[in-house]
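Worksheet for the structure shown next.
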Amino acid sequence: MNSNEAPIIEVVDLVRKFGDRTVLNDISFNVHRGETLVIMGGSGCGKSTLLRHMIGSMKPTSGSVKIFGEEIATMKEREIGRVRQRFGMLFQSGALLASLTVGENVALPLFQHTERSADEIEEIVKQKLQMVGLTGFEDLKPDEISGGMKKRVGLARALALDPELLFSDEPTSGLDPIMTAVVDQLTLKLAHGSHMTAVVVSHDMTSAFRIATRMIMLGHGSIVAQGTPEEIRTSTNPEVHQFINGEADGPIPLNLSQDEHEHHQHVKPRPFVSARFRFHHKTP
Ligand SMILES: Nc1ncnc2c1ncn2[C@@H]1O[C@H](COP(=O)(O)OP(=O)(O)O)[C@@H](O)[C@H]1O
Ligand SMILES: [Mg+2]
């Protein structure tokens with residue numbers, strides 16, 4: 001990280017409300033080139049919402065979000081499209097197109113944003129799938145592969161254009177410990193070898209401490225703590241301590257995440273559902 005250089009991302013006084021609920025409350029931080037910033041915090045605390053503001057897919061209620069020195073919060077969709085070519089995004093669900101094969105999903109940004117020939121694109125797709133351990137899976141459809149594999153295809157697609165900046169939302173959730181380590185090592189390799197900057201949302205503490213050069217912990221809409229992994233590990237803040245040690249009792253209030261929130265709306269309340277939620281939130 002070079003602190004003389006302008007930050008790659010500058011978030012200043014970001015506020016986001018949904019109705020009268022304030023989900024992000026006056027958040028400010030910078031991301032510098034070469035950093036791997038991990039954003040952590042409990043379910044529903046606003047991590048995905050914060051990421052969506054950084055990539056310009058959500059607009060703030062107030063405040064500013066600059067990416068590569070440009071204000072993305074007020075940008076028109078066409079300008080955002082131009083900025084999007086410079087970063088990759090791995091969504092929490094993988095967000096693959098169900099009608100396309102694995103290979104076509106990874107090829108999509110290359111067809112959309114480059115002039116490369118079909119042969120060159122095929123070669124790049126092979127190489128990106130190899131990076132995530134999915135050689136030979138080109139011709140399968142997303143619904144023929146597991147959740148963890150979808151996630152890795154999403155990562156291959158996010159890396160298709162060799163972005164200088166990668167956003168990932170829970171890149172290792174749903175992966176087994178070995179695949180988690182593979183994805184983490186890939187992030188580390190890209191950060192060190194290609195000087196890629198990464199902003200990673202994670203609640204997997206093993207993974208977070210493995211890849212982070214800096215960490216931010218969100219809670220009740222604000223930044224509870226930020227610092228180096230060592231500073232976070234030795235923090236005396238009770239919320240940080242509870243979170244990184246996965247303790248059930250402590251100052252962090254229970255909350256529903258976006259996914260559970262959506263699920264909750266689609267499912268008629270039945271006794272076993274609320275029992276499952278209760279159980280789920282007791283288990284870190
Ligand atoms: N589009 C939306 N409309 C209304 N509420 C939302 C929307 N997106 C997120 N929220 C709410 O914002 C809060 C934070 O959600 P989210 O950012 O998905 O949390 P996290 O990723 O930390 O689990 C949740 O309470 C969620 O219900
Ligand atoms: Mg989320």
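When a ligand or atom number is given, it counts from 1 through the structure's own listing order. The first residue in the sequence is number 1, and the count goes up from there.
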### Query
Polar-atom distance check: G46 versus ligand 1, any N or O pair below 3.5 Å?
yes

### Donor on one side chain, acceptor on other, D139 and T101, under 3.5 Å
no

### Message
I'd like to know whether ligand 1 has G41 as a neighbour, heavy-atom separation below 4.0 Å.
### Response
no

### Message
Looking at R16 and P60, would you say the former's side chain and the latter's main chain have a donor-acceptor pair under 3.5 Å?
### Response
no

### Summary
The salt bridge (charged side-chain N to carboxylate O under 4.0 Å, His left out) partners of E77 (sequence neighbours excluded) come to R84

### Task
Number the atoms of ligand 1 from 1 as they appear, then name those within less than 4.0 Å of a heavy atom of S43, with their elements.
23 (O)

### Query
Which of the atoms of ligand 1 are close to R21, meaning less than 4.0 Å from one of its heavy atoms?
13 (C), 24 (C), 25 (O)

### T49 neighbourhood, listing ligand 1 atoms whose heavy-atom distance to it stays under 4.0 Å
9 (C), 14 (C), 15 (O), 16 (P), 17 (O)

### Task
Would you mind finding which of G19, G44, S48 brings a heavy atom closest to atom 13 (C) of ligand 1?
G44

## Note on the structure
Quick note on ligand 1: atoms under 4.0 Å from a heavy atom of G42 include exactly 22 (O)

### Task
Show your working on salt bridge (charged side-chain N to carboxylate O under 4.0 Å, His left out) between K76 and E79 and close with a plain yes or no.
CA-CA 5 Å; K76 298 214 163 51; E79 298 172 80; 5.1 Å; no

### Query
Can you list every ring-ring contact (aromatic ring centres under 6.0 Å, His included) pair that touches residues 105-138, not counting sequence neighbours?
none

### Query
Got an N/O contact under 3.5 Å between C45 and ligand 1?
yes

### Query
Hey, which atoms in ligand 1 end up nearer than 4.0 Å to a heavy atom of V23?
12 (O), 13 (C), 14 (C)

### Message
Distance check, rounded to the nearest 0.5 Å: H192 atom NE2 versus T187 atom OG1?
### Response
10.5 Å

### Message
Is it the case that ligand 1 has an N or O less than 3.5 angstrom from some N or O of R52?
### Response
no

### Query
Measuring from the heavy atoms of E170, does anything fall under 4.0 Å of ligand 1?
no

## Note on the structure
Partner of V23 under side-chain contact (heavy atoms from CB on, under 4.5 Å), picked from L218, T49, V15, is T49

### Message
Is there a side chain to side chain donor-acceptor pair (under 3.5 Å) between E5 and H32? Walk through the geometry before answering.
### Response
CA-CA 8 Å; E5 212 179 323; H32 292 274; over 6 Å; no

### Message
Under 2.8 Å from the Mg ion (ligand 2) - does any N, O or S atom of S48 fall there?
### Response
yes

